[in-house]
Each structure stands twice: as C-alpha cells, then as structure tokens.
Amino acid sequence: MILADDSVLQRALDQGWLSHAQLESAQDAMALQVGALAAAGLIDQLVAEGALTVWQVARLRAEEFGLKTVDLVTVHVAEEVLALVPRALAERHGLLPLCLTEGGLRAAVSDPLEMDAVDSLSYMLGLVIETVIAADEEIRRAIKRIYDHETTGSAEQVEESSSAAAIKVEAASDSAEETNNATEGDAPIIKRVHDLILAAITSRASDIHLEPLEKRFRVRYRIDGVLVEQENPPKRLQLPIISRLKIMANMSIAEKRIPQDGRIQVPLGGRSLDLRVSSLPTAHGESIVMRILDRKNLQPGLSELGFSADDEALVEQLITLPDGIVLVTGPTGSGKTTTLYGCLNHLNKSDRKIITVEDPVEYQLSGINQVPVRHAIGMTFGSALRAMLRQAPNIVMVGEIRDLETAEIAINASLTGHMVFSTLHTNDAPGAVTRLADIGVKPFLIAASLRAVVAQRLVRKVCPHCQQPHVPTQAELRALGLQPEQVATATFRRGAGCPACNGTGYLGRVGIFEIFVINEEIQQMIHEKAGSARLRAEARALGMRTLRDDGARKVIAGLTTMEEVLKYT
C-alpha cells in the first residue's frame, strides 16, 4: 500500500491534479470502510477512484524529496546490472536496478521513505544506491518483463543447466541471504556462476582462474596441480561474471583499481567448502582466482599425506618435542599448510593449548585458537605472536616467517619452552638455515632453536582405475639415479587414461618429503656459518633422503611416475 503524505496531497491540490471535492470524497470512502480516517490508505483510495494516476503520485513523491522520476515502459537493463540483484530480491522489495553509475548503482523505487530495502542492498553490494522514483505498478511490470526477457534470451546468452539448482552459494555476509538460491526466475549470470563453481568442485579442482585477455575471457581449473583450460564464456559476460563473484565474496564491485580479497561459503553434500577469492586488476579487466578449501582434507594422518612408515615415525618424534622450531618449506601450492594442520591435529589434545597466527585463516580447526593477521589495523605476524605468548600456549603455529621480527619472536618463543611450527619459502630443507641467516637471524640462535626442516612437493598419483605396468628406459632410470637392485624389486606403473582421470593417467596427489634433522654435528656447522651445500652434504652422509630420493621410492612402489618426480625435484 502506498503511504499517504499530507505534503504530497497538498502538491496535488496546488498543481490542480486533485480537487478538494475529490479529496473529501476519498476521505468519506475511507471513513466508511474502516470507521475512521486511515491516512495510510488515502492515496491508494484516490488512485482507485481515478482522482490521481499512479504516475502522478510518483511525480509528486519525487518532487517532495528532490528526486528524479523514470519511465520504465521502454527501459533496458544491462545483464551485468541484473546479475547484481537477484529477481527474488527485486520482487520482494519492489526495487528495480537500472544501471551502474560512477558512484554506485541507480535503482527505481516507488516510495522514498521505505529505506530498508535500499540500505540492505547498499550493504550487500558495498555500493552507494542512488534512487529514482517510478510507480509501484510500473516497477512490478518492469521486473517481470526485464527478468523474464533476460532469462529466456538466446542460447548464446545462457545455457540452462539442471545442475545449477544442486548448489547454493552463500556470501560471507548474512545480508546477502537473498542471493543464495538460484531459481528459474533468477538472472542467468547467477546460474552460470553456480555451474562454473559446481563444475570445478566436481572436477576436484583446487583453484579456479578467471583471466581477462584481450579478445577472450579464459577460465581454467587447477586439477592435481596442473591448469586445465575450460570452455570460455563469451567476452561480453566477463564483467557480469566478475561482478557476481565479487558480490558473493563480499567485495566492492565499485573498486576495480586495487586488489581485493574475499570469501565464499559453498554448502555441498552435507559439508561446507570455502572459496578464498582474490581479485587483481590487469590490462584487460580484473583477474579472479578462487582457491577451493575443503575441510575434509584436514583430517588425514601423516601416512595419508605421503609419509612413509619410517618418515612418519621420525616426524611424530620431532613434533612431540617439548620445545624448538620445526619448519615446513616449499613453493606455493606444495601442501605446506595441509602438513602443518596434519601435525596440529595429531597434537590436538585436551591437555595442550595450541594457538596459530595465519594470513588468512584458511580452515577453522576445532579446539585450536586461530588468530587472523590484519595488517590494516597493525595486527601483523609479529604483534600477534607477541600477544599469543602472553596466553601461555604449549604449541604455537606461525603461518609464515617473512621477516626478522617474526623470526626472532618465534625463536625466542622456542627458547622459552614453546614448540613452534612455521613455514618458509626455500627450495630444499638445508636452504632454510641459509634463508634464516639472510633475513638477519644470528647463527647461534638458529642452531639453538631449530629442531628440523621438512621440505616437500606434491606429485600426481597414477590413476588406480587405468594403471598398467610400465617398463622404463635406461635413460629414465639413470635420470632418477636408480640402482639395479632397486629396479629388480620395483613395480613401475603408468596410467593409460580413462574417464575417471579425464584421460590424464593421474588421479590425486601425494607428497614427497626431505626431512633435515638438526643434530650436534649440524648445529656446529651452523655455528661456523656453513653454506647450504655443506649442510646438505653432511645431512646426506648422516642418512637424509632428498626429495628426489623419496620420489624415487614412490616411483618404485608404483604410486607415481618418473616424469612427475623429475618435474618437481
């Protein structure tokens, strides 16, 4: 019901659109209907009697609040704008999005006093909403005409997918609740984005890459560590798809000049997946990367991560030490976080207090205190770590040692009775000692605090559905350094390619590890500022297996192939 307003009625009288007799007649009719004047329905009554038209009412309201009016009969709304506001939300609040402006979004409403819908939309999109006035009936008709037209457009505009309804994508903010359900009446971009995410999850992808190029909009999934290009959407859908994803991730669609980060929650099959979203401005638009984080990946034991029986026993012994630092090293995407979480899960008992500081907190672990880094407010790794130590933890995990401040605090924590876990970006395990020295840590502190360094890589596993025996060439055997006695007992396998592995011959990944234990001999060499080459040679003499050695063991066991091990070591 349209709200009455004395000033609006006075304007109608002043402009001659309404006579005093018509106003009195409407008031009498309202009194007969409810036994008293009902101001809230007076303008409705005038419209019903034909004394005013809905368009005149819209004009009067616009003039009262200094707003503009809009004729919706022939208006066209771009698909990228419809992607921002689902049809269900538009119908519920009687609001029609019109276009993006330099400062935000322009939308048509019928009553400028009803600000709840406008405020909710502004909060959800992170945009300033500029309102214009239209008749309520016109807005309803325009919503039906515009959304129906877009939904039933050409096949090039949207491919209807029955799987779209199988997934509900939720924005991190409760204010975006209306965007969760992809119904038949929703804008097609919503369905397309749902299908894109669902296809990635079904394909076991770890990342979704959306990359604006000069003449096309490329979509790639990272499956078992390898980027695989998918069917590319039309270039003209680039902006609507990116805008939709930024809304779902609670990022500002108005800001396209700086990188942004966000998060999307995907409930699927009784479990919840997190999508960590990153945007980066490029020459041809914003590049979006979504990392798919599945909590079920946090539950495996050390053996399921790829540790062999002897390595697993060694790691369990190292992580249960009362103090010191254990580092996990490797490049981005090598599974360092999963290994650290596996160690924490192994140690997570009711008699131990565990605190982590991470940037960002990728997974939420039950029973563990996790602290996110917030650089904007000064909550850095160093400041968070200092505060954590006042909480009297038994075990501390630092997401990454990036600078001298963080390294020194972590080392001091290890020297005062705490067990510290962290990561470092180095190519091998002995290189971690050199890296710590490079950022300014004194050698005697490294020697006193460091207990072990675990370097790791992830290699693809041979598909169990299409695996078959393989006879390697002599060149392959020499490249991996295998001895004749090892080959005699080997079970070399290779995948032939099947539907389960998309013809690649690989399904899933397994870790290969290099465990560098700091004993008295190594401590002395660190004191003497020995280089990583000397440390590596000494560690190998003491029995350390290198990444390639561990990879060779997994090739012999038939878990992976020589090409995979040689590629990553």
Side-chain angles (χ1 to χ4, degrees), residues 225 302-303 305-319 325-336 338-340 342-343 423-438 446 450-462 472 475-487 489-492 509-523 525-526 530-569:
L302 296 177
S303 59
L305 292 172
F307 286 106
S308 54
D310 53 347
D311 285 345
E312 181 180 358
L314 177 58
V315 170
E316 288 183 355
Q317 176 186 348
L318 291 169
I319 65 177
I325 296 180
V326 172
L327 295 175
V328 180
T329 74
T332 301
S334 60
K336 300 187 299 293
T338 303
T339 298
L340 282 178
C343 293
T423 67
L424 206 60
H425 287 285
T426 62
N427 291 327
D428 61 5
V433 174
T434 307
R435 173 63 181 148
L436 289 173
D438 286 343
I446 300 174
L450 194 60
R451 297 291 178 263
V453 183
V454 179
Q456 69 178 69
R457 300 289 189 277
L458 292 176
V459 295
R460 291 184 292 176
K461 293 195 296 185
V462 174
E476 289 175 327
L477 295 173
R478 284 195 301 271
L480 206 57
L482 293 177
Q483 302 302 318
E485 59 272 17
Q486 293 176 296
V487 175
T489 59
T491 309
F492 297 110
R509 289 189 290 177
V510 66
I512 56 175
F513 302 92
E514 177 177 283
I515 304 175
F516 177 46
V517 179
I518 310 298
N519 58 13
E520 291 182 0
E521 292 87 345
I522 299 295
Q523 282 181 329
M525 293 179 69
I526 295 174
S532 59
R534 282 187 57 201
L535 292 172
R536 185 177 188 81
E538 179 66 19
R540 293 201 68 179
L542 293 171
M544 182 188 80
R545 276 192 298 269
T546 65
L547 287 167
R548 180 163 291 188
D549 294 339
D550 194 45
R553 292 211 303 175
K554 291 178 170 65
V555 170
I556 291 171
L559 288 175
T560 187
T561 63
M562 294 184 177
E563 293 87 350
E564 280 295 293
V565 173
L566 293 173
K567 183 195 306 183
Y568 291 105
T569 57

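Note that this is a predicted model, so its numbers are computed, not measured.
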Side-chain heavy atoms of [X] within contact of [Y], under 4.5 Å:
X      : Y      : answer
Asp428 : Thr546 : no
Val433 : Met525 : no
Leu477 : Phe492 : yes
Asp550 : Leu547 : no
Leu482 : Met562 : yes
Val565 : Lys554 : no
Phe513 : Val315 : no
Ile515 : Arg545 : no

Report yes or no: does [X] contribute a side-chain atom to a donor-acceptor pair with the main-chain N or O of [Y] at less than 3.5 Å?
X      : Y      : result
Glu538 : Ile522 : no
His425 : Thr329 : no
Glu564 : Val459 : no
Gln523 : Ile518 : no
Glu514 : Ala455 : no
Arg536 : Pro430 : no

- Message: Name the residue from Thr561, Ile512, Thr560 that meets the side chain to side chain contact (heavy atoms under 4.5 Å, CB included) definition with Val555.
- Response: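 Testing each of Thr561, Ile512, Thr560 against Val555, the sole residue satisfying side chain to side chain contact (heavy atoms under 4.5 Å, CB included) is Thr560.
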Hey, could you give me the [atom1]/[atom2] distance between [X] and [Y], rounded to the nearest 0.5 Å?
X      : Y      : atom1 : atom2 : value
Leu327 : Leu424 : CG    : CG    : 6.0 Å
Arg451 : Gln317 : CZ    : CD    : 12.5 Å
Lys336 : Leu458 : NZ    : CG    : 9.5 Å
Thr426 : Leu436 : OG1   : CG    : 9.0 Å
Cys343 : Leu318 : SG    : CG    : 9.5 Å

- Query: Taking NZ, NE, NH1 and NH2 as the nitrogens, is one of them in Arg553 or Asp549 under 4.0 Å from a carboxylate oxygen of the other?
  - Reply: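 No, Arg553 and Asp549 are not salt-bridged.
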